[in-house]
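Keep in mind the model is a prediction, meaning the values are calculated, not measured.
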Amino acid sequence: MDSNDRIEIYLPDNSKMEMEKGATVGDLALKISKGLYNHSLAGRVNGELKDLSYTLNNGDKVTIIKDDAPEAHDILLHSASHVMAQAVQDLYPEAKVTIGPAVENKFYYDFDKDPAFTEDDLEKIEARMEEIIEEDLEFERKEISRDEAIQLFKEKNEDYKVEIIQDLDQDEKLSLYQQGDFIDLCRGPHVPSTGKIKAFKLLNTAGAYWRGDSSNKMLSRIYGTAFPSKKELNKYLNFLEEAKKRDHRKIGKELDLFHIDQEVGPGLILWHPKGARILQQIKDYWIKAHIDEDYELVQSPHIGQSNLWKTSGHLDFYSEGMFNPMKIEDDAYYIKPMNCPFHIKIYNSDIRSYRDLPIKYAELGTVYRYEKSGVLHGLMRVRGFTQDDAHIICMPEQLDHEIQKLLEFTFDFLDSFGFSDIDVYISTRSEDKYVGSKEMWEEATNALKSSLDDLKIEYQIDEGEATFYGPKIDMKIRDSLNRDWQCTTIQFDFNLAERFNMEYVDSDGERKQPYMIHRAILGSLERFLGVLIEHTKGNFPVWLAPVQVAVLPISDTQIEEAQKVHKELQKHGIRSELNTTSEPVSAKIRKAETDKIPYMFIIGDREIENETVSVRKHMKGDIGTFKRSEIIDTILEEIANKNRSTKN
RNA sequence: GCCACCCUAGCUCAGCCGGUAGAGCAGCUCUCUCGUAAAGAGCAGGUCAGGAGUUCGAAUCUCCUGGGUGGCUCCA
């Protein structure tokens, strides 16, 4: 055979593979092995994702993407969204297609359809999708000119597609994908044929604005998911189930922690005694930890005059997040959406020397923000919440040290709640919109980076993503279901220092502007407790549990002794609950188990005689009989240790 | 705020096509005094989210309001 008919392909391990000219990615996969071919969805050719049908060129570097590769899932999801769009247009020809990308573990497609899709439509669409998958239609790629594309979609009456194409660059290469008689504008790649979608499910419908802009038309969105196997789909569906079981709103009700009352108002939390106990534990620990870290506790009012918010800039930049003011005599007062102006006022109440710095003001400050009704969500998104707020005011030369201390403190603090898996993001200066000098930004950003580097903490940089007033670190804690929650934020604020004219007198007698860092570790206590509920499934570690020990006499005759044990526990500061109902112990145990109380002390005649207690641990069962002082010490030690780096 | 869906006893839910509300759990009372996840009986508990309309008749159909859920949007 002529060598011109052959091409050489490089595989990821740099080995060479000789192929016939005109061979595709799929041919390559097949040549490597049949098994690989059967599981391959696409290829990465010289770094770019391509279809299996892509024709290879001499010298290409190719990685075959199997269905279990990290990139594979998005491709599969995206292809599934095309199948859904096809099914929708088969069933509802009047529905116009817009866009349908893959998002994390899901895909969606937005349609312009009136009336919008309801959950009841999903079953029908799923059934049609099954048929399309059964037909195993090929995903065929076609390249097309811009004008041809516009013409094609105009003919099809697909105005949204036309709009998308018109907004693309003139010289953009356009590609279409067709399966059966369904054609969509799409960059690709796709799986080779619809049959590759082995398992899928439509999840829910939702409204979504065209191009995410609330001034545009509301479209009808359908969410779904797809996996290379039924097994993986089920795993994902189980995950969703599990998340539902852990929903803090559900557990909050079951454990009687809090409620939101219609008459009080949406987004406003009423903490019941048990929820308040957990909060109080968090607060007590927070205060102690902050005092140990040389923070000064301050306390500020809930409202402030309009001038304050004018100076701070909130009325200019944050008014949409603030509640309407109330008139008091001749002034307008606003409920605080943030604590910072107050802390700054405390700082400014005296001349500050360089010797005073750093000054660190901390407050569990309750703030109120107007959130649109549609975004409210249990404890996670509320209108009134308590920030674990602090402001660090320091000199430039103290920056590195303060940031480093703060980071260490933050990681340790989160660890005591069992959160040790944390993603860190630094947001840097945006090119066009920022206050302060470039030098300040650089100094601050470098302090953030070098402190993280020193602590050997990996982070991602979100270039240009900072707000206009300063660079920041955001942290996301990972919960037991591997979900991320943003809690911690550490933000420089060059704006307020300037606006409020913050100063300190340096050693050379000059008045200088200090750096101000605004930080919250837990973010909002409400939200944090919500995360904690979902993380622990309501099985709180002993130090946080609203009731730590349930004292259960076997029958009424042991109540008196049980009372003694109960008092003894309380004397040690252990939150104990005595069950004096006349039910059988098994019922009392069941009650304590469903209440998720970590320890149960069972007291019968044997225990009275030997001055012991029989101990049962929540979810573990009977752990044996202990001398009372011994088990109390064990529990006290467990409380003191909190739950550093222990996974649930 | 927008789109879709939902709201029945404290909680979880049943109540078909309109005929005027039901269960389990929880609560209360009584009986039982019990050894590691539910003892038995009885009692009480609801303007069916609120309002208006259609109808001889509305938990059920329609509209409005409130609240919630899933999204969108927003997030100094």
Margin query: Between B/A37 and A/Arg616, counting only base atoms on the nucleotide and side-chain atoms on the residue, is there a donor-acceptor pair under 3.5 Å?
Written below: yes

- P atom, B/U12 versus B/C17: distance in rounded Å? 24 Å

Basic-acidic side-chain contact under 4.0 Å: A/Asp110, A/Lys217: no

| task | Could you work out the separation of B/C75 and B/C13 based on their P atoms and round it to a whole Å? | result | 36 Å

Of the listed B/A38, B/C72, B/A76, the closest approach to the A/Ala208 side chain comes from B/C72

- Task: Measure from the side-chain N and O atoms of A/Arg616 to the backbone N and O of A/Tyr599, and report whether any donor-acceptor pair falls under 3.5 Å.
- Result: no

- Reckon A/Asp556 touches a base, only the sugar-phosphate, or nothing at all at heavy-atom distances under 4.0 Å? base

From the candidates B/U73, B/U33, B/G35, the one with an atom nearest any side-chain atom of A/Asp605 is B/G35

- prompt: With a 4.5 Å heavy-atom cut-off, do A/Pro101 and A/Phe107 have their side chains touching?
  reply: no

*Rounded to whole angstrom, note down the C1' distance from B/A59 over to B/G42.*
29 Å

Next on the checklist: With rounding to the closest Å, how many angstrom separate the P atoms on B/G10 and B/G50?
Outcome noted: 12 Å

When both distances are under 3.5 Å in a Watson-Crick or G-U wobble arrangement, the nucleotide paired with B/G18 is none

- prompt: B/U29 and B/G35: how far apart are their P atoms, nearest whole angstrom?
  reply: 25 Å

The answer to which of A/Thr625 and A/Val375 contacts RNA chain B further toward the 5' end, by nearest nucleotide, is A/Thr625

| Are A/Lys217 and B/C3 close enough that a side-chain N or O sits under 4.0 Å from OP1 or OP2? | no

A/Lys253 NZ to B/A9 P, in whole Å, measures 11 Å

Side chain A/Gln262 and base B/G50 donor-acceptor under 3.5 Å | no

Q. What about A/Arg211: does its side chain form a donor-acceptor pair under 3.5 Å with the base of B/C72?
A. no

OH of A/Tyr160 to CD1 of A/Ile164, rounded to nearest 0.5 Å, is 10.5 Å

Between CZ of A/Phe385 and C1' of B/A76 the distance, given in whole Å, is 11 Å

One should read off an interatomic distance between A/Ile603 CD1 and A/Ser555 OG, to the nearest 0.5 angstrom, of 11.5 Å

Sticking with atom C1', work out how far B/G40 lies from B/G22, rounded to a whole angstrom. 23 Å

Verify whether the ring centers belonging to A/Tyr108 and A/Tyr223 lie closer than 6.0 Å. yes

If pairing means Watson-Crick or G-U wobble with both distances under 3.5 Å, then the partner of B/A41 is B/U29

In Watson-Crick or G-U wobble terms, with both distances under 3.5 Å, the base opposite B/G70 is B/C3

Mate of B/A49 across any strand shown (Watson-Crick or G-U wobble, both atom pairs under 3.5 Å) is B/U65

Short side-chain N/O contact from A/Tyr223 to OP1 or OP2 of B/C72, under 4.0 Å:
yes

Checking B/C75, B/A37, B/U31 against the side chain of A/Ser582 (C-beta onward), the nearest is B/U31

RNA chain B nearest-nucleotide lookup for A/Arg381 and A/Ala206: closer to the 5′ end is A/Ala206

Check: Are any of the side-chain heavy atoms of A/Met600 and A/Glu593 separated by less than 4.5 Å?
Finding: yes

Of the listed B/A37, B/G71, B/C74, the closest approach to the A/Glu371 side chain comes from B/C74

Could you check whether A/Leu552 gets within reach of a base, just the sugar-phosphate, or nothing at all, counting any heavy atom under 4.0 Å? nothing

Interatomic distance, CZ@A/Phe227 vs NZ@A/Lys201, rounded to 0.5 Å, equals 12.5 Å

ask   = In whole Å, what separates the P atom of B/C43 from that of B/U60?
value = 30 Å

Margin query: If you go through the side-chain atoms of A/Tyr370, does one of them form a donor-acceptor pair with the base of B/G1 closer than 3.5 Å?
Written below: no

Separation of the C1' atoms in B/U8 and B/A58, to the nearest angstrom: 14 Å

Rounded to whole Å, the CG-P distance (A/Asn579 to B/C34) equals 16 Å

message: Students often get this wrong, so: under 4.0 angstrom with heavy atoms, is A/Gly212 touching a base, only sugar-phosphate, or nothing?
response: sugar-phosphate

Can you tell whether the side chains of A/Arg483 and A/Glu242 come within less than 4.0 Å, N to carboxylate O?
no

Regarding the side chain of A/Phe468, the nearest nucleotide among B/C11, B/A76, B/A38 is B/A76

Ranking B/A38, B/G35, B/C5 by distance to the side chain of A/Ala587, first place goes to B/A38

note: A/Trp210, atom CH2; B/C3, atom C1'; distance rounded to Å ~ 17 Å

Closest to the side chain of A/Tyr318, out of B/A76, B/G67, B/U33, is B/A76

Taking B/C72, B/C74, B/C2 as options, the one with an atom nearest any side-chain atom of A/Met218 is B/C2

**Prompt:** What is the nucleic acid contact for A/Glu263, judged by heavy atoms within less than 4.0 Å: base, sugar-phosphate only, or nothing?
**Reply:** nothing

Here the distance between atom P of B/A76 and atom OH of A/Tyr469, to the nearest Å, is 6 Å

Closest to the side chain of A/Asn495, out of B/A39, B/A76, B/G35, is B/A76

Quick note, A/Arg249 side chain, CB onward, closest among B/U69, B/A76, B/G1 is B/U69

TODO: Compare side-chain N and O positions of A/Ser373 against OP1 and OP2 of B/G1 and report whether any pair is under 4.0 Å apart.
DONE: yes

Rounded to whole Å, the CG-P distance (A/Asp261 to B/C7) equals 20 Å

From CD1 of A/Ile589 across to P of B/A39 the rounded distance in Å is 11 Å

* Quick one: is A/His377 getting a side-chain N or O under 4.0 Å of the B/G70 phosphate, OP1 or OP2? -> yes

Rounded to whole Å, the CD1-C1' distance (A/Ile251 to B/C11) equals 15 Å

